[in-house]
Each structure stands twice: as C-alpha cells, then as structure tokens.
Amino acid sequence: MSKSIFRAMLGASAICLGFVSTISNAQTANPGTCEIYRDFDYKGASGNVVGNQQKGDAVIFTDQANAPADLVGFLSNKVGYRVFYDKSWNNSISSVKVAAGCTVELHGSLKMQQGSVMPFKSYTSDTPRFNAADNDKAQMVICRCK
C-alpha cells in the first residue's frame with residue numbers, strides 16, 4: 001500500500017472517530033447532572049437533577065404536604081440531600097441521560113424500608129428506553145455524582 005493511500009485512509013479514520021465522539025457526547029448529560037425525560041429516546045418534557053460529591057438532589061414526585069415525613073427527614077438530615085417536590089413527574093419518566101461519574105436512582109415507592117429508601121433502579125449511563133417494568137414507575141429521583 002502506498003504511503004499516500006495509507007495517509008488518506010488514516011485521515012478518513014480520524015474524521016470518522018471525531019464524528020462518533022460528537023454523537024456520543026450529544027447523548028450525555030451536562031457534567032454533574034442526571035437528566036430525566038418524559039418519553040422514550042430523550043423526547044418530551046425534560047428536567048435536570050444535580051448530583052454533588054456522593055450527595056445530590058432528591059426530587060419527590062408529590063407536593064410537600066403529601067411527602068412522607070420520615071422520608072424527607074432521612075433524605076435531608078441523615079443523608080444531606082437537597083429535597084425538591086414536583087408532582088407533575090409522578091410515574092412519568094421513560095428515559096434518562098447520566099453524566100460521567102453520576103448515578104441516577106429511580107424510586108418506585110416513597111416508603112421507608114429497614115431505615116432506607118427502597119426499592120429503586122439505578123442507572124450509570126444514558127438509557128433511551130426503560131423496559132416495561134421500569135417505564136413510568138418512578139415516584140422519586142436522586143442524582144449522585146463523584
């Protein structure tokens with residue numbers, strides 16, 4: 001193979017790698033955040049939940065008056081999360097984008113079990129489509145980042 005053909009192929013490979021990198025970056029949440037989406041494939045309404053040094057934000061999908069006091073106390077006092085309320089997201093998340101070093105937890109219940117919040121499903125990477133068992137089931141979301 002001649003050097004000029006090899007250089008042309010190498011240049012084309014670099015262009016392709018740059019294109020793939022651009023595509024993958026487009027599907028990742030902003031640093032230190034987890035992004036939730038109402039519909040599959042990152043469509044519909046979206047929201048950002050901030051994560052910070054293993055602690056982060058917890059968004060409970062009810063209004064403050066109806067949030068279980070033991071849960072709010074555990075999240076804010078014992079764990080140190082900032083707690084927010086937004087009932088419009090209850091049972092409405094279908095996809096997530098997760099920044100590098102972050103974990104998003106989707107909790108299907110607001111009940112405390114054995115001194116902790118359970119059950120939950122966690123994701124550490126972008127997920128364009130939840131399976132039927134997880135789709136539209138979250139009652140709370142927590143984002144934790146390293």
Side-chain angles (χ1 to χ4, degrees), residues 6 8-146:
F6 180 75
M9 289 173 59
L10 182 61
S13 295
I15 290 170
C16 288
L17 289 174
F19 180 72
V20 170
S21 175
T22 301
I23 289 173
S24 66
N25 287 340
Q27 292 189 342
T28 301
N30 290 322
T33 68
C34 303
E35 296 176 9
I36 58 175
Y37 292 84
R38 204 172 292 278
D39 298 326
F40 289 139
D41 300 320
Y42 319 117
K43 303 224 188 279
S46 65
N48 289 321
V49 183
V50 177
N52 183 12
Q53 299 298 325
Q54 294 297 342
K55 294 184 179 179
D57 289 347
V59 183
I60 300 173
F61 302 145
T62 187
D63 53 34
Q64 189 170 358
N66 291 314
D70 60 341
L71 174 64
V72 174
F74 173 79
L75 293 171
S76 61
N77 298 328
K78 188 169 183 181
V79 182
Y81 290 142
R82 297 185 312 167
V83 178
F84 300 93
Y85 307 90
D86 187 345
K87 64 182 179 181
S88 71
W89 282 94
N90 192 44
N91 296 326
S92 297
I93 300 176
S94 295
S95 56
V96 294
K97 290 184 183 180
V98 184
C102 294
T103 300
V104 64
E105 295 177 1
L106 301 174
H107 294 260
S109 172
L110 298 180
K111 295 184 181 188
M112 298 285 292
Q113 294 179 2
Q114 298 176 5
S116 186
V117 282
M118 294 285 191
F120 67 89
K121 176 77 176 200
S122 64
Y123 296 89
T124 57
S125 62
D126 296 356
T127 305
R129 293 176 166 262
F130 291 158
N131 63 35
D134 298 328
N135 188 46
D136 293 338
K137 300 284 194 296
Q139 294 184 16
M140 178 176 67
V141 66
I142 293 174
C143 183
R144 293 182 293 109
C145 300
K146 294 178 185 177

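Heavy atoms only: backbone and side chains are in, while hydrogens, waters and symmetry mates are out.
Once rounded to the nearest 0.5 Å, the distance linking OG1 of T127 with CZ of F40 reads 11.5 Å. To the nearest 0.5 Å, atoms CZ (F120) and CD (Q139) are separated by 15.0 Å. Atom CG of N90 and atom NZ of K137 lie 12.0 Å apart (nearest 0.5 Å).
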request  = Evaluate the side-chain contact (heavy atoms from CB on, under 4.5 Å) criterion for residues V96 and Y37: first the C-alpha distance (whole Å), next the side-chain angles of each, then the deciding distance (0.1 Å), finally the verdict.
outcome  = CA-CA 6 Å; V96 294; Y37 292 84; 5.7 Å; no
Worked verdict on Y81 versus D57 for side-chain contact (heavy atoms from CB on, under 4.5 Å) = CA-CA 5 Å; Y81 290 142; D57 289 347; over 6 Å; no
task = Could you walk me through whether V141 and V104 pass side-chain contact (heavy atoms from CB on, under 4.5 Å), step by step?
result = CA-CA 7 Å; V141 66; V104 64; 3.4 Å; yes
inquiry  = Please determine whether side-chain contact (heavy atoms from CB on, under 4.5 Å) holds for the pair Y85 and D63, giving the CA-CA distance in whole Å, both sets of side-chain angles, and the decisive distance to 0.1 Å.
reply    = CA-CA 6 Å; Y85 307 90; D63 53 34; 5.6 Å; no
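D39 pairs by the salt bridge (charged side-chain N to carboxylate O under 4.0 Å, His left out) definition with nothing, not counting sequence neighbours. Applying the salt bridge (charged side-chain N to carboxylate O under 4.0 Å, His left out) test to E35 and every residue at least two apart in sequence or in another chain returns nothing.
Between A67 and V72, the shortest heavy-atom contact is CB-CG2, 3.8 Å. Summarising the geometry of L75 relative to A58, their closest heavy-atom pair is CD1-CB, 4.0 Å, with the distance given to 0.1 Å. When all heavy atoms of C145 and T33 are compared, the pair lying nearest together is SG-N, 4.1 Å. For the residue pair R38 and S94, the shortest heavy atom distance occurs at O-OG, 3.1 Å. Contact between K121 and D134 at its shortest, heavy atoms only, is CE-OD2, 3.5 Å.
A donor-acceptor distance shorter than 3.5 angstrom exists from the side chain of N131 to the backbone of A133, with no hydrogens or angles considered. Between the side chain of S95 and the main chain of I93, no donor-acceptor pair closer than 3.5 Å is present.
Of the residues listed (V59, T62, L71), the one engaging M140 in a side-chain contact (heavy atoms from CB on, under 4.5 Å) is L71, and it is the only one. Under the side-chain contact (heavy atoms from CB on, under 4.5 Å) test applied with T103, the options S122, C143, S125 reduce to a single match, S122.
Side chains of K87 and I60 form no contact here, defined as non-hydrogen atoms less than 4.5 Å apart. Between F61 and N91 there is no side-chain heavy-atom pair separated by less than 4.5 Å.
For residues 125-146, the ring pair (Phe, Tyr, Trp, His ring centres under 6.0 Å) pairs, not counting sequence neighbours, are Y123-F130.
The cationic atom of K97 (NZ for Lys, CZ for Arg) lies less than 6.0 Å from the six-membered ring centre of Y42 and within 45° of the ring axis.
Between the side chains of D136 and S92, no donor-acceptor pair of N or O atoms lies under 3.5 Å.
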